[in-house]
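What follows is one structure encoded as structure tokens, with my remarks underneath.
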Amino acid sequence: MKIASFLAATVAVFAVTLCQAQATPSDKGYVIVTDYLTADGLTDVSAAIQKIIDDNPNRTIYFPDGVYLITTPILTPADPARSVALELSNYAVIKASPEWSHDEAMIRLGGKHAANNISTPGSNYYLAGGVIDGSGVAAGISIDSGRETVIRDTSIKNVTTGIHVKHGVNSGSSDCDIHDVNIVGNNRPGSVGVLVEGYDNTFTNMRIGGVYVGFHLRSQANSLRNIHPLYYGASDDSYDDSCGFLDEAGNNWYDFCYSDEFATGFLCSGRSLYDKCYAYWYSKRGTKHTAFRSTGRFLSLVLNPNIGFGTHNATEQNCILEEGEPGGTGRIENLIVLDPNLVTGKAHLPYIKE
């Protein structure tokens, strides 16, 4: 009798678990946008999406598979009492019109009703899933205000700038978390994967291609882990200005970040920490390949770097370090160079610590 009861209870629990796992967005109480508009890729649904957001505070807005054409930016509220979460199915595409004429991003998280509030439920809004397609002319996603903002599991394609984290409302801090995101730029000079102006953000597990600057940091106290920008620009005339990680502020943390094919791997300003970072080249683009470059004195701590200039693809100059001015206090420890005979610069030697 006890065994039968146990088996019945187990089956009941399994059935409930299975039902929950298979729950549809409607079962979860989400607002389904295709109940209000047509995702045919031909009809401009900008106003319709904005109305759904404005009319449904503190709800998850769900986008089923389809193409959602927009001609104007979509704004979500940062005010916790008005905020929404945007969740896209894997093959849902929000696509900019080819006639896009706005400087602002397609999706502006916290773009209206700015707030600096993490005490009230609703502050933890997000965008997850799907594809944001800039049609080669639009910026993808921006975080304009709010805190605890999340972007995750999203693919951003054909954009001028993939993600723009603006100056934060919390005394400059934006406090956002971005992870498991792939970005492909429009493959033109000036394109940027991620532009960061707010402080105190985390970026994890990102792949970036088709840009001339992978990550551009204008703020401090950011954590980057497992970030891989790759250069394959269409215009080699602008190659010398390409950079995997352009850090204008310093005081940032890099863990297993990989600059792939950019003229400069890591441009350092101030003091930042680089651990297990990698710079590699496999083509002869340009005349100089530089792993680390400082705008002034070299002040950063570089631990366990791995540098490869490509045995058959080395350029005329192959530098571990290029200094803006000598006399820095930085250090390079446990340096690994795959092809040391190709190194032409010697600026790194005073900073080597075994």
Side-chain angles (χ1 to χ4, degrees), residues 189 192-193 208 211-218 224 227-233 235-354:
V192 179
I208 302 168
V211 296
Y212 279 71
V213 174
F215 241 89
H216 188 170
L217 293 164
R218 292 175 175 167
L224 284 69
I227 311 295
H228 179 187
L230 166 64
Y231 177 91
Y232 47 85
S235 172
D236 285 345
D237 292 340
S238 301
Y239 174 75
D240 289 342
D241 297 325
S242 68
C243 183
F245 297 87
L246 196 167
D247 189 334
E248 292 188 279
N251 289 327
N252 292 302
W253 291 265
Y254 301 79
D255 180 19
F256 195 64
C257 291
Y258 173 16
S259 173
D260 197 344
E261 275 289 279
F262 292 87
T264 298
F266 300 85
L267 191 148
C268 320
S269 298
R271 302 175 189 275
S272 287
L273 172 62
Y274 302 84
D275 189 12
K276 300 183 294 294
C277 290
Y278 187 26
Y280 186 74
W281 293 265
Y282 51 83
S283 76
K284 294 183 178 181
R285 289 188 178 99
T287 58
K288 185 195 303 185
H289 293 162
T290 304
F292 290 86
R293 178 159 63 91
S294 64
T295 54
R297 291 181 298 162
F298 175 64
L299 303 174
S300 292
L301 176 59
V302 179
L303 304 175
N304 312 302
N306 195 318
I307 313 299
F309 293 108
T311 303
H312 302 292
N313 299 300
T315 54
E316 297 175 10
Q317 300 178 65
N318 305 287
C319 304
I320 304 296
L321 173 67
E322 183 180 355
E323 299 175 284
E325 58 181 284
T329 57
R331 299 203 316 271
I332 301 174
E333 298 184 5
N334 300 327
L335 171 65
I336 299 174
V337 181
L338 301 184
D339 27 40
N341 292 330
L342 299 176
V343 177
T344 57
K346 297 183 179 180
H348 64 288
L349 295 177
Y351 301 100
I352 294 293
K353 306 294 180 183
E354 300 299 337

Completion exercise
Note: Ala347 and Pro350 closest approach over all heavy atoms is O-CD, 3.2 Å
Exercise for the section: List the atom of Ser272, the atom of Asn251, and the distance in Å for their closest heavy-atom pair. Expected result: OG-N, 3.2 Å
Problem - ring pair (Phe, Tyr, Trp, His ring centres under 6.0 Å) partner of Tyr258, chosen from Tyr280, Tyr278, Phe215 - result: Tyr278
Practice task
Taking the side chain as every heavy atom from C-beta outward, state whether Ile320 and Ile307 have any pair of such atoms under 4.5 Å apart.
Solution key: yes
Completion exercise
Of all heavy-atom pairs linking Phe292 and Cys268, the shortest is CD2-SG, 3.9 Å
Practice task
Give the minimum heavy-atom separation between Val211 and Val192, together with the two atoms involved.
Solution key: CG1-C, 3.8 Å
Completion exercise
The residue among Asn252, Asp247, Thr295 that forms side-chain hydrogen bond (donor to acceptor under 3.5 Å, both in side chains) with Ser269 is Thr295
Handout entry: N/O donor-acceptor pair under 3.5 Å between Asn304 side chain and Asn334 backbone
Key = no
Handout entry: Check: Ser259 side chain, Ala279 main-chain N or O, donor-acceptor pair, under 3.5 Å
Key = no
Problem - Straight-line distance of Asn306 CG to Ile336 CD1, nearest 0.5 Å - result: 5.0 Å
Practice task
Anything under 30° is parallel, anything over 60° is perpendicular, the rest tilted; go ahead and classify His289 against Tyr239.
Solution key: perpendicular
Exercise for the section: Return yes if some donor-acceptor pair links the side-chain N/O of Asp339 with the main-chain N/O of Asn341 below 3.5 Å, else return no. Expected result: no
Practice task
Assess the side chains of Thr264 and Thr290: does a donor N or O sit below 3.5 Å from an acceptor N or O?
Solution key: no
Handout entry: From CA spacing to verdict: side-chain contact (heavy atoms from CB on, under 4.5 Å), Glu322, Ser294
Key = CA-CA 6 Å; Glu322 183 180 355; Ser294 64; over 6 Å; no
Completion exercise
ring pair (Phe, Tyr, Trp, His ring centres under 6.0 Å) with Tyr231: of Phe262, Phe245, Trp281, Tyr282, only one passes, and it is Phe262
Problem - Lys/Arg-Asp/Glu bridge criterion (N-O < 4.0 Å) met for Arg297, Glu323 - result: no
Problem - side-chain contact (heavy atoms from CB on, under 4.5 Å) evaluation trace for Val343 with Val337 - result: CA-CA 9 Å; Val343 177; Val337 181; 3.9 Å; yes
Exercise for the section: Locate the shortest heavy-atom distance separating Cys319 from Thr344; write the atom from each residue and the value. Expected result: SG-OG1, 4.5 Å
Exercise for the section: Would you check if there is a donor-acceptor pair between the side chains of Asp255 and Tyr274 at a distance under 3.5 Å? Expected result: no
Exercise for the section: State plainly whether the residues Lys353 and Glu333 are in salt-bridge range, i.e. N to O under 4.0 Å. Expected result: no
Problem - Residues Thr329 and Arg271: side-chain donor-acceptor under 3.5 angstrom - result: yes
Handout entry: Any side-chain heavy-atom pair of Lys288 and Glu316 under 4.5 Å
Key = no
Exercise for the section: With rounding to the nearest 0.5 Å, note down the distance linking NE2 in His228 to CZ in Phe256. Expected result: 9.0 Å
Problem - Pairwise distance CZ(Arg331) to OG(Ser300) - rounded to 0.5 angstrom - result: 11.5 Å
Problem - Test item: Leu335 and His348 side chains (from C-beta on) under 4.5 Å apart, heavy atoms - result: yes
Exercise for the section: Kindly give the heavy-atom pair with the smallest separation between Leu321 and Phe298, and that separation in Å. Expected result: CD1-CD1, 3.8 Å
Problem - Pair Thr287-Gln317, side-chain donor/acceptor within less than 3.5 Å - result: no
